[in-house]
Engineer: 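Sharing a structure here in structure tokens format.
Order of the sequence lines sets the chain letters (A, B, ...), proteins ahead of strands, with each chain counted from 1.
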Amino acid sequence: MKSIVGINKLSFKYDKADILKHISLDVEQGSFLSILGPNGSGKTTLLKNVCNLLKPHNGSILIDEKDIEKIKYKELAQIIAVVHQGTDVQFDFSVFDVVMMGRFPYLKRFQSEGKEDVEIVENAMKSTSIWELREKSINEISGGERQRVLIARALTQQPKVLLLDEPISHLDIKYQIEILDLCKRLNKEQNITVITTLHDINMASRYSDYILLLEEGRIREMDTPEKVLTEKNIEDVYGIKVDLIKRNDNERPIIIPKNM
Amino acid sequence: MNLYRKMYRTKIFILLLLLLFFILFSITLGDVKIPFTDTVKIILNKFGFLSSKIDMGGIKKSNIFIVLNIRLPRILLACLVGSMLSLVGTSYQAIFKNPMADPFVMGVSSGAAFGATIGILLHFNKGIIGFGLTSILAFGGALLTTFIVYNLARVGSKISTTSILLAGIVMSSLLSSGISLMMIFNHDELAKIISWTLGSFNGANWTQIVVILIPAVVGTLFLTTFARELNAIVMGEEQAQNLGVNVERTKKVILITASFLAACAVSVSGIIGFVGLIVPHLFRLILGSDHRILLPVSVVGGAIFLVICDTLARTILNGIEIPVGIITSICGGPFFLYLLKRNGRKKLI
Ligand SMILES: Nc1ncnc2c1ncn2[C@@H]1O[C@H](COP(=O)(O)OP(=O)(O)OP(=O)(O)O)[C@@H](O)[C@H]1O
Ligand SMILES: [Mg+2]
């Protein structure tokens with residue numbers, strides 16, 4: 001399998017202390033990877049390194065087998081699309097215009113949005129079921145709808161990799177399933193590599209091909225959900241005792257915290 | 001098919017018609033009233049290929065002179081300055097993500113005023129070919145101050161919004177104190193300095209237009225090509241970068257171009273406040289935050305606004321001219337407060 005994101009001995013610090021320490025990993029093209037870890041373990045920081053918002057102070061990152069430092073901004077945006085955490089700005093754009101922004105990396109300075117761009121936007125909006133919202137203002141829709149708008153915008157970038165930072169943390173259970181189902185579908189149907197941070201271990205278990213468990217900026221383990229989600233790993237990393245439950249052999253494990 | 005162009009073209013076209021109307025109407029007003037038809041004839045007559053077809057009989061020579069050499073240059077200069085200030089306001093507000101940012105935050109105004117004051121005190125006012133050395137000093141002062149503020153606010157290769165606003169305010173107070181000091185020691189020139197700091201198009205001439213036309217047009221066209229970048233940036237700088245915008249470079253380029261335009265504007269008109277706040281806000285409320293429409297509309301809208309204000313400035317009191325900066329503040333201030341009140345914090349950007 002081809003590696004789409006390769007991280008090699010990456011260390012990162014904001015000021016003094018290292019936040020990420022010696023991270024090395026490869027993400028296969030077309031896989032679904034969840035990043036788990038307690039608050040402050042460095043999940044967001046790792047994502048921001050992968051999308052070039054932060055620069056590692058040691059080590060290197062390869063995107064599509066190219067050094068990230070050598071990729072131009074627009075070119076990178078054609079490979080990686082990012083859905084940021086809870087964006088709340090005072091602006092007034094229509095949903096359609098927000099999704100159209102995803103075409104930015106493909107448009108030259110003096111070129112305007114054409115028929116093809118409109119089609120791509122329409123398809124992205126239909127596959128995220130927000131086409132009906134196209135004329136609404138981005139301020140007048142619910143949190144779950146807004147999350148789907150941002151995913152639709154990411155899709156119009158026609159990326160190979162979709163990065164999401166806690167895409168479901170403010171959503172109710174229905175929207176949580178809806179968003180993750182959508183990611184899984186894009187992953188399966190369009191072979192888009194999905195890398196997402198999550199807090200919900202059971203959701204990660206249910207949707208991911210691989211789980212990366214971070215502990216204080218180090219990789220505790222990166223493997224399939226069955227291998228990573230063990231009572232010991234969870235107790236060591238999160239400091240809580242859990243029971244692992246599997247209803248049958250084909251199913252992914254679920255965790256339930258032990259009674260007090 | 002071009003979706004956006006089509007949607008926007010009518011709006012801009014209507015505004016352009018409005019602008020044309022206000023320009024012509026404004027020419028008819030003043031101490032000497034000139035009939036509308038005569039005004040149109042005098043102007044059309046200037047287009048060589050039309051002059052044979054137009055009957056200029058019955059139009060006074062003095063009226064022709066007033067239209068072509070006094071009112072028209074003044075009104076066109078007001079258009080140019082209004083466009084620039086308003087476009088600069090729109091751009092600053094977007095890159096600072098601060099609805100209160102206006103063309104003067106970068107210290108442009110205080111720098112220009114400082115330069116102009118020095119010019120006035122050194123009696124540079126005589127001017128060569130109509131474009132006074134005072135203007136050149138004002139322009140230099142504006143650019144120099146912008147440069148200092150920019151470098152004070154720069155941390156490494158990044159520009160911090162908060163520091164730039166703070167640095168702008170501090171530089172402004174510093175330079176204002178300098179101006180006050182010079183005023184205390186030079187009572188004779190007090191009136192001139194004050195009138196300069198309040199802004200006026202009195203004495204506008206074709207030379208001024210010729211001098212700023214090219215930078216104004218080039219700068220304006222250049223800035224309007226950044227509409228998509230600005231849209232992405234107001235959504236958040238990290239998002240913008242992930243959409244492929246080189247945020248730091250874009251901010252720098254826009255900051256420098258916009259400050260240059262503001263310096264051009266100030267150097268021919270003095271300090272005219274509020275244009276860069278009112279016009280962008282008004283259109284943002286009506287049309288939303290999309291800079292693909294907001295930028296061109298600010299250009300035309302700024303021109304309309306300043307033509308109206310300047311017309312009031314020169315006609316509202318018989319025989320006495322009010323500095324246009326006072327008019328823009330009188331119209332602008334309350335209007336601005338009204339907008340602020342009505343919309344609370346919502347939709348300001
Ligand atoms: N801009 C910053 N400057 C300095 N330190 C930071 C900054 N952002 C994060 N940190 C620190 O880096 C560490 C990792 O933060 P990060 O946001 O990556 O954690 P996270 O795993 O995403 O946490 P959460 O689950 O709460 O989102 C934390 O200790 C945090 O305090
Ligand atoms: Mg985080």
Engineer: Assess, by modelled atom type and distance only, whether the side chains of A:D92 and B:S289 contain a donor and an acceptor separated by less than 3.5 Å.
Structural biologist: no
Engineer: Considering only NZ, NE, NH1 and NH2 on the basic side and carboxylate oxygens on the acidic side, decide whether B:E237 and B:K251 come within less than 4.0 Å.
Structural biologist: yes
Engineer: Let's go through A:E140 and A:R146 carefully: what are the C-alpha distance in whole Å and the side-chain angles of both, what is the deciding distance for salt bridge (Lys or Arg N to Asp or Glu O under 4.0 Å) to 0.1 Å, and is it a yes or a no?
Structural biologist: CA-CA 9 Å; A:E140 294 164 354; A:R146 186 183 301 198; over 6 Å; no
Engineer: Thinking salt bridges, do B:E248 and B:K252 make one under a 4.0 Å N-O criterion?
Structural biologist: no
Engineer: Do A:N187 and A:Y207 get their side chains close enough for a donor-acceptor pair, meaning under 3.5 Å?
Structural biologist: no
Engineer: Might you confirm whether atom CZ of B:R249 has over 12 heavy atoms from other residues, nucleotides or ligands at distances under 6.0 Å?
Structural biologist: no
Engineer: Hey, would you say the B:F22 and B:F305 ring centroids sit under 6.0 Å apart?
Structural biologist: no
Engineer: When you check the gap from the basic side-chain N to the acidic O, do A:K184 and A:E189 get nearer than 4.0 Å?
Structural biologist: no
Engineer: Do B:S259 and B:T146 have a side chain donor and acceptor closer than 3.5 Å?
Structural biologist: no
Engineer: Heavy atoms under 4.5 Å from chain A: which residues of residues 225-233 of chain B carry them?
Structural biologist: B:T225, B:F226, B:R228, B:E229, B:N231, B:A232
Engineer: Can you tell which part of A:I80 gets under 4.5 Å to a heavy atom of chain B, answering side chain, backbone, both or neither?
Structural biologist: backbone
Engineer: Kindly compute the distance separating CG (A:L164) from CD1 (A:I179), expressed to the nearest 0.5 Å.
Structural biologist: 9.0 Å
Engineer: Could you list which of residues 62-73 of chain A have a heavy atom closer than 4.5 Å to any heavy atom of chain B, in residue-number order?
Structural biologist: A:Y73
Engineer: Is there a side-chain contact between A:P105 and A:Q78 (heavy atoms, below 4.5 Å)?
Structural biologist: yes
Engineer: Is the backbone of A:T197 close enough, under 3.5 Å, to the side chain of A:E166 for a donor and an acceptor to pair up by distance?
Structural biologist: no
Engineer: Distance to the ring centre below 6.0 angstrom and angle to the axis at most 45 degrees; does that hold for B:R9 and B:F13?
Structural biologist: no
Engineer: Need one label for A:V98: side chain, backbone, both or neither, based on atoms under 4.5 Å from any heavy atom in chain B.
Structural biologist: side chain
Engineer: Could you tell me which residues in residues 151-158 of chain A have at least one non-hydrogen atom under 4.5 Å from a non-hydrogen atom of chain B, sorted by residue number?
Structural biologist: A:R153, A:Q157
Engineer: For residues B:A153 and B:S163, report the shortest heavy-atom separation together with the two atoms involved.
Structural biologist: CB-C, 3.8 Å
Engineer: Taking the side chain as every heavy atom from C-beta outward, state whether A:R134 and A:S94 have any pair of such atoms under 4.5 Å apart.
Structural biologist: no
Engineer: Would you mind reporting whether A:V149 and A:I138 have side-chain heavy atoms less than 4.5 Å apart?
Structural biologist: yes
Engineer: Find out whether the Lys NZ or Arg CZ of A:K74 is both under 6.0 angstrom from the six-membered ring centre of A:F104 and within 45° of the ring's axis.
Structural biologist: yes
Engineer: Could you please state which residues from residues 39-58 of chain A sit under 4.5 angstrom from chain B, measuring non-hydrogen atom to non-hydrogen atom, sorted by number, or 'none'?
Structural biologist: A:K48, A:C51, A:N52, A:L53
